[in-house]
Amino acid sequence: MAYEPERDSNFIRTIIEKDLEEGKNGGRVHTRFPPEPNGYLHIGHAKAILLNYSIAQDYKGKFNLRFDDTNPIKEEQEFVDSIIDDLHWLGVDWEDRLFFTSDSFELKYEFARRLIKAGRAYVCDLSPEEIREYRGTLTEPGTESPYRNRSVDENLELFERMRQGEFPDGSRVLRAKIDMASGNLNMRDPVLYRILHAKHHRTGDKWCIYPMYDFDHPFTDALEGITHSLCSIEYSDHRPLYDWVVENALELMPEVIKCRSRQIEFARFNMTYTVMSKRKLRCLVEEGHVSGWDDPRMPTIAGLRRRGVTPAAIASFMEEVGVARAESTVDLAMFEHFIRQDLEDKALRMMAVLHPLKVVITNWPEEKIELVELENMPGDEGAGTRQVPFGRELYIEQEDFMEEPPKKFYRLAPGREVRLKGAYIIRCEEVIKDAEGNITELRCTYDPQSKSGQDTSGKKVRGVIHWVSARHAARITVRLYDKLFIKENPEDEGEGDFIDYLNPESLVVLEDVPAEPALAEAAPGSRFQFLRKGFFYLDPVAAREGRIVYNRIVSLKDSWAKMKK
RNA sequence: UGGGGCGUAGCCAAGCGGUAAGGCACGGGACUUUGGAUCCUGGAUUCGUAGGUUCGAAUCCUACCGCCCCAGCCA
């Protein structure tokens with residue numbers, strides 16, 4: 001039977017299915033996500049995580065979480081914790097297979113020794129600068145290190161002494177003996193181990209030599225039995241070295257190596273109106289352009305979570321984006337579409353008036369309050385209804401009134417009628433202004449025959465607007481988030497800095513927003529659709545401080561706004 | 001002027017010798033007590049370009065053009 005026929009095919013699945021057909025790896029599929037704990041995960045990582053995880057699931061395979069912690073200088077426990085949080089939130093499951101590459105440092109040390117014994121690795125005393133010079137250039141071959149032909153015994157002894165801490169950082173390295181003339185610079189006797197007298201977040205001071213990624217990663221994949229090692233395109237050049245390490249591991253460490261792991265590269269994820277590089281994201285945080293790694297404008301997993309985006313939205317988005325080798329930048333609008341699609345039938349409807357304009361219904365009795373019934377989810381009776389108080393004084397959205405309406409404006413205007421959602425049709429009778437000529441209030445009348453659901457007025461109004469009873473309104477804070485940058489590709493075509501393209505309106509905070517009373521009593525982390533405005537998330541972080549703050553996850557599509565352009 | 005990749009609609013992306021899937025965006029229409037949602041509907045004579053092979057090419061071959069990555073003791 002075909003695997004998950006509803007999933008789009010992609011070149012990686014094609015490769016895996018072929019491997020399966022050929023009986024490679026005993027029919028096993030085993031993937032992994034190998035983050036370095038040196039920063040926060042972003043949506044690009046989410047693509048890699050979901051890709052690895054979904055492949056493992058679809059082919060009845062396994063998925064590991066493995067921290068690539070080979071560089072103690074950059075790595076911290078804090079990041080291990082945040083990464084684990086993010087993966088849990090995304091909903092992937094590595095069962096009991098949480099690994100650290102540092103767990104197997106001892107095995108890798110032994111592997112290095114065997115490479116030395118096989119004459120395939122040597123200790124090199126060249127300085128970092130010299131190594132660079134000896135490496136040659138893109139167009140010229142390198143030259144062999146004078147230390148390249150040391151005896152096995154000398155190499156073994158020197159390597160042991162490196163481990164014992166006898167040499168300072170940078171004084172010596174262990175190198176693979178491959179080919180200084182290779183067109184691929186990665187094959188010009190790559191460094192396997194370097195001396196680093198640094199405390200490691202897991203192994204402490206046990207080691208002062210640490211393996212390089214190119215040595216560690218393939219070995220660890222093969223050790224864990226990873227059949228398909230997915231990584232991004234820039235590692236393509238490293239594949240020959242990856243294979244070299246795996247083949248040697250298979251030959252020299254057969255007692256522990258589980259399979260001939262295979263590296264497959266795919267294009268990394270980019271999206272318009274944001275940046276993805278760790279450096280730039282850190283800059284945004286450190287220079288205070290955002291409130292932190294979890295600022296809802298950040299493309300970090302933590303930021304998206306705080307914004308109110310759901311893991312399901314991210315997953316369906318990534319599934320539709322697909323996987324390929326071509327460099328690409330996905331349109332933010334596509335992401336927003338999947339966020340809306342996911343929330344459409346999950347988020348209950350509520351009303352809040354973001355930019356209030358007072359309306360007084362002059363023919364409504366002063367003290368009369370009526371409860372009107374509104375659907376929580378139009379089209380889904382199971383979601384029930386709620387009672388919302390309606391009275392003489394209300395708020396409507398400022399933009400739902402125009403003194404001199406253009407054609408096709410279906411909302412309120414002098415002498416015109418509009419329906420208040422779930423309640424009555426009102427007509428604007430008078431516009432009240434202050435001394436400066438600003439509209440401060442609308443005097444309207446309502447039609448008693450027009451009550452929603454039992455309308456006998458015979459009127460047909462085109463516009464339906466949302467409202468909140470002034471007397472009963474809860475007051476909430478609303479954070480309107482928008483794209484972080486005003487430029488599609490902030491890292492591009494700029495003589496200036498990407499910071500110059502920050503969107504000054506990426507966050508607009510609205511205080512004392514009148515809202516349906518229920519919005520003040522919702523559980524932190526709840527998501528709602530504010531009618532005609534967008535999807536909002538009750539920020540759990542603010543809630544802990546006793547504040548009611550709703551983050552706008554994404555706006556609704558607004559065809560009127562589009563028409564105005 | 002070394003090596004490795006990539007070029008299918010505005011943006012993603014299937015396709016793997018048999019006559020261009022799908023999604024987003026965009027346009028038109030229907031419906032609508034969210035100008036939301038939903039539902040129809042339109043768009044590549046053409047797959048970077050030019051040749052060639054073939055009854056037949058986005059798919060194979062050749063050449064060219066354009067873009068990306070690589071000279072960390074980072075991952």
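Quick note on labels: first sequence line is chain A, next is B, and so on, each numbered from 1. Note that these values count all heavy atoms, side chains included, but never hydrogens, waters or copies made by symmetry. Please read all numbers here as calculations on a predicted model, not as lab measurements.
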Between [options], which one does the side chain of [X] approach most closely?
{"X": "A/Arg132", "options": "B/G23, B/C73, B/G72", "answer": "B/G72"}
{"X": "A/Ser236", "options": "B/G4, B/C73, B/A25", "answer": "B/G4"}
{"X": "A/Lys421", "options": "B/G5, B/U33, B/C74", "answer": "B/U33"}

Would you mind telling me which of A/Lys564, A/Lys533, A/Arg532 makes a salt bridge (charged side-chain N to carboxylate O under 4.0 Å, His left out) with A/Glu399?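 It is A/Lys533, the one option of A/Lys564, A/Lys533, A/Arg532 that forms the salt bridge (charged side-chain N to carboxylate O under 4.0 Å, His left out) with A/Glu399.
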
Scan [X] against the nucleic acid and name what it touches under 4.0 Å (heavy atoms): base, sugar-phosphate only, or nothing.
{"X": "A/Arg188", "answer": "nothing"}
{"X": "A/Phe67", "answer": "nothing"}
{"X": "A/Leu126", "answer": "base"}
{"X": "A/Gly453", "answer": "base"}
{"X": "A/Glu344", "answer": "base"}
{"X": "A/Val461", "answer": "nothing"}
{"X": "A/Met212", "answer": "sugar-phosphate"}
{"X": "A/Val321", "answer": "sugar-phosphate"}
{"X": "A/Ser9", "answer": "sugar-phosphate"}
{"X": "A/Thr329", "answer": "sugar-phosphate"}
{"X": "A/Thr272", "answer": "nothing"}
{"X": "A/Arg462", "answer": "base"}
{"X": "A/Pro141", "answer": "nothing"}
{"X": "A/Asp237", "answer": "base"}

Measuring only the [atom1] atom in each nucleotide, how far is [N] from [M]? A whole number of Å is fine.
{"N": "B/C65", "M": "B/A50", "atom1": "P", "value": "15 Å"}
{"N": "B/C11", "M": "B/U19", "atom1": "C1'", "value": "27 Å"}
{"N": "B/G4", "M": "B/C40", "atom1": "C1'", "value": "48 Å"}
{"N": "B/U8", "M": "B/C47", "atom1": "C1'", "value": "4 Å"}

Between the side chains of A/Thr220 and A/Lys108, does any donor sit under 3.5 Å from an acceptor? yes

Is it true that [X] and [Y] have a side-chain N and a carboxylate O under 4.0 angstrom from each other?
{"X": "A/Arg262", "Y": "A/Asp221", "answer": "no"}
{"X": "A/Asp447", "Y": "A/Lys459", "answer": "yes"}
{"X": "A/Lys346", "Y": "A/Asp342", "answer": "yes"}

Checking understanding here: a glycosidic angle within 90° of 0 is syn, the rest anti, so what is B/G51?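 B/G51: anti glycosidic orientation.
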
Phosphate-side-chain proximity, [X] and [N], N/O vs OP1/OP2 below 4.0 Å:
{"X": "A/Lys533", "N": "B/G36", "answer": "no"}
{"X": "A/Thr137", "N": "B/G2", "answer": "no"}
{"X": "A/Arg349", "N": "B/G36", "answer": "no"}
{"X": "A/Arg135", "N": "B/C73", "answer": "yes"}
{"X": "A/Arg194", "N": "B/C74", "answer": "yes"}
{"X": "A/Arg325", "N": "B/C6", "answer": "yes"}
{"X": "A/Ser328", "N": "B/A13", "answer": "yes"}
{"X": "A/Lys278", "N": "B/A75", "answer": "no"}

I'd like to know if [X] reaches the base of [N] with its side chain such that a donor and an acceptor end up less than 3.5 angstrom apart.
{"X": "A/Arg419", "N": "B/U33", "value": "yes"}
{"X": "A/Gln529", "N": "B/G36", "value": "no"}
{"X": "A/Asn184", "N": "B/G4", "value": "no"}
{"X": "A/Ser452", "N": "B/U33", "value": "yes"}

A/Tyr109 ring centre to A/Arg163 NZ or CZ under 6.0 Å, with the angle to the axis within 45°? yes

Do A/Arg172 and A/Phe167 meet the cation-pi criteria used here (NZ or CZ under 6.0 Å from the six-membered ring centre, within 45° of the axis)?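 Here A/Arg172 passes the 6.0 Å and 45° test against A/Phe167.
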
Base partner of [N], which must satisfy Watson-Crick or wobble distances under 3.5 Å:
{"N": "B/A44", "value": "none"}
{"N": "B/G7", "value": "B/C65"}
{"N": "B/C39", "value": "B/G29"}

Enumerate the salt bridge (charged side-chain N to carboxylate O under 4.0 Å, His left out) contacts for residues 127-138 of chain A, please, sequence neighbours excluded, ordered by first and then second residue. none

Can you name the nearest heavy-atom pair linking A/Pro218 to A/Tyr213, along with the distance?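 Here A/Pro218 and A/Tyr213 meet closest at CD-O, 3.7 Å.
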
If you apply the rule side-chain hydrogen bond (donor to acceptor under 3.5 Å, both in side chains), what do you find for A/Ser450 with A/Asp455, and how did you get there? CA-CA 4 Å; A/Ser450 67; A/Asp455 186 340; 5.3 Å; no

Nucleotides 57-60 of chain B: which of its N/O atoms have a protein N/O under 3.5 Å away?
none

